[in-house]
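Chain A is the first sequence line, chain B the second, and so forth, proteins listed ahead of strands; every chain is numbered from 1. If you're wondering where the values come from, they're calculated on a predicted model, not measured in any experiment.
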Number of protein chains: 2
Amino acid sequence: MVRIVKEYAERKKEIMDTAQTLFYQKGYENTSVNFIIETIGISKGTFYHYFKSKEDLLDNIVEKFTNEIISKLEPIVNDKSMDAISKLNEFYHQAGMYKVENIDIIKTIVNALYNDKNLLLRYKMNNRSTELTIPLMSKVFEQGNNEGSFNIEHPEATARIILFFGTSMGEYNAKLMMSLDENPSNIEEMKKHFNIYQTSVQRILGAPEGSIEIFDEQIVDAIMEKYNES
Amino acid sequence: MVRIVKEYAERKKEIMDTAQTLFYQKGYENTSVNFIIETIGISKGTFYHYFKSKEDLLDNIVEKFTNEIISKLEPIVNDKSMDAISKLNEFYHQAGMYKVENIDIIKTIVNALYNDKNLLLRYKMNNRSTELTIPLMSKVFEQGNNEGSFNIEHPEATARIILFFGTSMGEYNAKLMMSLDENPSNIEEMKKHFNIYQTSVQRILGAPEGSIEIFDEQIVDAIMEKYNES
DNA sequence: TTTTTGTAGACCGACGGTCGGTATAGACCG
DNA sequence: CGGTCTATACCGACCGTCGGTCTACAAAAA
């Protein structure tokens, strides 16, 4: 058989990228190691030379993915010119939550991630990104406390709770989004939950009424329209 | 081979009970169908006569488990003599959240459920019990609205969010509980979370300050003491 | 007696993972 | 500069285990 030799980093990246695509297409559980190596055209031995198990591969992908998120959030936290409320709002925007131009990507990710065959992937991504986001978010909370816009006793614990909370919300809204075609009224349901989440967060943080604008209703509408078109 | 014939319901219950115990001991993923049937002493054919798949067995167990919870909550909702606030408080108590005498059971369940090999089990239990609890809880919310003790625009959506919120909390506190032996300071962390949750729920519902007493601090302390003993 | 239903266990393909061995690039040496 | 040595990227046959199927059959019900 033909033997193709590549550099360590290059081969590893090749496996990770291919696997990530396949996980998105078919789910983590439904993608066998055999299928991954057939797709790339490498042997079993090669695969296990780079990853000690299928789950180890997943962990590597999760780590890469979450690091990319964090690198977007860090500049916001360290921005000296922004107040805490703006930073928090920007947090959610940067998390890619409502970029209209990216709606196709969001659709793909939603359909890929929120699939029963992707529980472990989702679980690991959520956990890891939450753990990495907590220190950043709690720093913003402390700034808000100092500025008088927030009233938070335990910044870290509150950050953790709000992030978990957001995960649950996301889980539910993703389900609604996936069945949007059969159930157009899901749009209203989603908006409702966005609003409740928003006001809940606001109240939990003790922030002034109307200060937290995690989800801009107009943009939510735009997403929905674009979703229905495509 | 010896052939032992049992009634349908009896045999089905036997399989479900055994499987539940094994899932708790070793996790859903780590418990093979082969091991289940060996433990009971039945054949593969018998197993698949009662359940069309391993996951079907899990669904049956989840259904039974969640129905038991709901049957405890229903009488509270339908009680004509209780006000909404008392009902909500009683909800959490009945959910088995802080029964000191049951601490061993809680320990078992926590250790069983919050195990990486039980992701699917936990996911299904959370989802199902949430869906079943929402109509009951939102009924209480509506009562509270009428009594003037709550101020809730969308009772169902709010119920869902509060339950999601509770799930998130439970997830993290379970993790803390599991590492309590190595990290005694986790007790304080858990209390912190209980308090944040309590005040958050209160604020989300627009309930009067101090009216919601989901977690009695003394009882939490008692649980912790008993946990450390055992 | 016939039909239904509960039971048995050999068997299957697919899975994740292991292992002994091979090819090749770069370092080292004469 | 040619030879050889070594580290490592790579190969693929093989393994045990998994969830699940199928045919045969015993026992109870009709």
Can you see if the side chain of [X] gets near the phosphate of [N] - specifically, an N or O under 4.0 Å from OP1 or OP2?
X       : N      : answer
B:Tyr50 : C:dT5  : no
B:Thr46 : C:dA8  : yes
A:Ser43 : D:dG12 : no

Please name the nucleotide paired to C:dG30 by Watson-Crick or G-U wobble geometry with both distances under 3.5 Å, or report none. D:dC1

Spacing between [X] atom [atom1] and [N] atom [atom2], to the nearest angstrom:
X       : N      : atom1 : atom2 : answer
A:Tyr28 : C:dC15 : OH    : C1'   : 12 Å
A:Lys44 : D:dG16 : NZ    : P     : 15 Å
B:Phe47 : D:dC18 : CZ    : C1'   : 13 Å
B:Ile37 : D:dC18 : CD1   : P     : 11 Å
A:Leu57 : C:dG16 : CG    : C1'   : 13 Å
A:His49 : D:dC10 : NE2   : P     : 7 Å
B:Asn34 : C:dA8  : CG    : P     : 14 Å
A:Tyr48 : D:dC14 : OH    : P     : 19 Å

Judged by atom type as modelled, is there a donor-acceptor pair below 3.5 Å linking the side chain of [X] to the main-chain atoms of [Y]?
X        : Y       : result
A:Ser53  : A:Asp56 : yes
A:Lys117 : A:Glu29 : no
B:Asn118 : B:Tyr28 : yes

Anything under 30° is parallel, anything over 60° is perpendicular, the rest tilted; go ahead and classify B:Tyr8 against B:His49.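 Aromatic pair B:Tyr8/B:His49 classed perpendicular.
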
Which residue lies toward the 5' end of DNA chain D, B:Asn30 or A:Arg11, if each is placed at its nearest nucleotide? A:Arg11

Looking across every strand, which nucleic acid part, if any, lies under 4.0 Å from A:Lys54 by heavy atom: base, sugar-phosphate, or nothing? sugar-phosphate

Can you list everything that forms a side chain to side chain donor-acceptor pair (under 3.5 Å) with B:Tyr197? Sequence neighbours excluded, please. B:Tyr92

